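Comments concern the structure below.
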Amino acid sequence: MAESNFVDYVKIFCRSGKGGRGSIHLHRAKYQPNGGPDGGDGGRGGNVYLRGNHNFWTLLHLRYERHVFAGNGGNGGKCCSHGSDGEDKYIDVPPGTVAYDAETGKYLCDVCEDGQVVMLLKGGRGGLGNWQFRTATNQTPRYAQPGEPMQELMVILELKLLADVGLVGFPNAGKSTLVSALSSARPKIADYPFTTLEPSLGIVSYRDGKSFVMADIPGIIEGAGEGRGLGLRFLRHIERNSLLLFMIPGDTDNIAKEYDILVGELRKFNPAILDKHRILAITKADLLDEELMDMLREELPKDLPTCFISSVTGYGLTELKDLLWTELNSESNKLQTMLEGGSIVHRDREAATFNADFADWQDGIEVAEEDDDLEELDVYDLEDLEEVN
């Protein structure tokens, strides 16, 4: 089977640049016997940034770019020449990308908007040259500062899709069929479980030229938190959604029980997801008659907006879009989005999970060689910069 081009999970090794060392030099000229110190400062090392870019929609371009190294700062020179600054490195990612420390699982940053730039690693500061240490009592200092060392970090990048409505349901609940019926998206549809193996987005047209985005993720089953089925990995794609649409087939034996199972799996993944507004859609309504629908309504949760739909015949789809649009633009939903700051609550991940996902990952990192031509002279700590100035 050909490998999918949808990549939402990568591991890369990042290294910032080290600062250049300061120069130890005394000015020499024919008619200036006491020229004094003129050693310049070293340049700073390059930084590593994450930058949002809407031209990318997956992390495919980073799958084989496992190393990102910024440039080192140049050393200072004579005549107070400042060393060149190291080259900064920008990692372009699609909006909705979250970065974690691969060794500890700690959450680092979140890139939500196009053009947003977040510093991932800071380059080392350049050392001061001996020109900076001249004083009235020490007019020929013969010492300088080395540059600050580089920083290294193994980073996990996760893509969480940006959408308005997220579909949650068991396999073969009709999620992909609904997306294909309401939008121009064409996800794979078949009569066996786990047909959908990767998330997909569809733009749903509404009245007066309005629209909203719907996200379809692979189905989850009971025990997904323990790794059954496809697990909970794809649930991160609905963490950013404003509204959750639960979909349960109408021919299910116990709709309320299946709904509780889905809610329980979401709670295991991230309890904050349950704070979002929810709607329940009973699919495959073409198999039910009006009398049976009335009986099922009495068993459904009373505090949850519900509707019966059939993506094949189109039954109830207009009502569903009206309900989704109303909930998306309700004052309570807007207030909740404002209180959350337009983002989600990120939790630290377990490092063991990352190790299991990337067990066959080989870094091939080369150890950086330090300069061996440093003069054996005294050096000052970089924190002395404030005291000198």
Side-chain angles (χ1 to χ4, degrees), residues 96 160-170 172-187 189 196 199-220 234-250 252 255-256 258-259 262-263 266 272-286 288 293 296-297 300-340 342-344:
K160 301 181 179 182
L161 295 179
L162 299 174
D164 299 310
V165 180
L167 304 183
V168 182
F170 287 92
N172 288 115
K175 300 185 298 297
S176 299
T177 307
L178 177 63
V179 173
S180 63
L182 296 181
S183 68
S184 298
R186 292 294 176 264
I189 301 173
T196 302
S200 60
L201 295 178
I203 301 178
V204 181
S205 300
Y206 194 61
R207 299 187 180 94
D208 302 328
K210 301 175 183 177
S211 63
F212 55 89
V213 181
M214 181 176 289
D216 174 27
I217 66 170
I220 58 177
F234 293 103
L235 280 180
R236 64 171 172 266
H237 293 294
I238 63 173
E239 283 188 292
R240 299 186 188 277
N241 301 157
S242 301
L243 179 67
L244 299 181
L245 177 61
F246 289 80
M247 301 183 62
I248 300 177
T252 303
I255 296 179
E258 289 206 359
Y259 173 74
L262 292 173
V263 172
L266 293 182
I273 296 182
L274 300 180
D275 295 334
K276 300 180 182 294
H277 285 212
R278 288 173 265 174
I279 295 178
L280 177 60
I282 308 302
T283 63
K284 304 180 183 179
D286 53 317
L288 310 174
M293 290 183 189
L296 292 176
R297 287 191 178 96
L300 301 178
K302 303 301 181 183
D303 57 344
L304 188 64
T306 60
C307 64
F308 289 81
I309 63 172
S310 173
S311 301
V312 177
T313 63
Y315 175 81
L317 295 186
T318 302
E319 178 186 355
L320 175 63
K321 291 198 292 184
D322 292 338
L323 186 57
L324 292 174
W325 185 261
T326 302
E327 288 293 328
L328 285 173
N329 294 275
S330 62
E331 291 298 329
S332 58
N333 194 25
K334 293 181 180 179
L335 179 61
Q336 179 182 353
T337 304
M338 293 175 60
L339 293 176
E340 293 178 354
S343 183
I344 59 178

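Because the structure is predicted, anything quoted here is derived from the model rather than measured.
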### Query
Can you check side chain to side chain contact (heavy atoms under 4.5 Å, CB included) on Val165 and Val204, steps first, answer last?
CA-CA 10 Å; Val165 180; Val204 181; over 6 Å; no
### Step-by-step side chain to side chain contact (heavy atoms under 4.5 Å, CB included) determination, Arg278 to Asp303
CA-CA 10 Å; Arg278 288 173 265 174; Asp303 57 344; over 6 Å; no
With rounding to the nearest 0.5 Å, note down the distance linking [atom1] in [X] to [atom2] in [Y].
{"X": "Leu323", "Y": "Thr306", "atom1": "CG", "atom2": "OG1", "answer": "8.5 Å"}
{"X": "Asp164", "Y": "Leu324", "atom1": "CG", "atom2": "CG", "answer": "10.0 Å"}
{"X": "Ile282", "Y": "Ile255", "atom1": "CD1", "atom2": "CD1", "answer": "4.0 Å"}
{"X": "Met214", "Y": "Leu182", "atom1": "CE", "atom2": "CG", "answer": "5.0 Å"}
{"X": "Leu244", "Y": "Asp275", "atom1": "CG", "atom2": "CG", "answer": "10.5 Å"}
{"X": "Ser176", "Y": "Asp216", "atom1": "OG", "atom2": "CG", "answer": "4.0 Å"}

### Query
So which heavy atom on Gly316 is nearest to which on Ile309, and how close?
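For Gly316 versus Ile309, the nearest heavy atoms are O-CG2, 3.6 Å.
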### Task
Give the minimum heavy-atom separation between Ser211 and Trp325, together with the two atoms involved.
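Closest pair (atom of Ser211, atom of Trp325, distance): O-CZ3, 3.7 Å.
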#### Entry: Short side-chain to backbone donor-acceptor contact, Lys284 and Ile248, under 3.5 Å
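Here the side-chain-to-backbone pair does not exist.
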### Task
Please lay out, stage by stage, how Leu178 and Thr283 fare under the test side chain to side chain contact (heavy atoms under 4.5 Å, CB included).
CA-CA 9 Å; Leu178 177 63; Thr283 63; over 6 Å; no
### Task
Walk me through it: do Leu320 and Leu245 pass the test side chain to side chain contact (heavy atoms under 4.5 Å, CB included)?
CA-CA 10 Å; Leu320 175 63; Leu245 177 61; 4.1 Å; yes
### Task
Classify the angle between the aromatic ring planes of Phe246 and Tyr259 as parallel (below 30°), tilted (30 to 60°) or perpendicular (above 60°).
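Aromatic pair Phe246/Tyr259 classed perpendicular.
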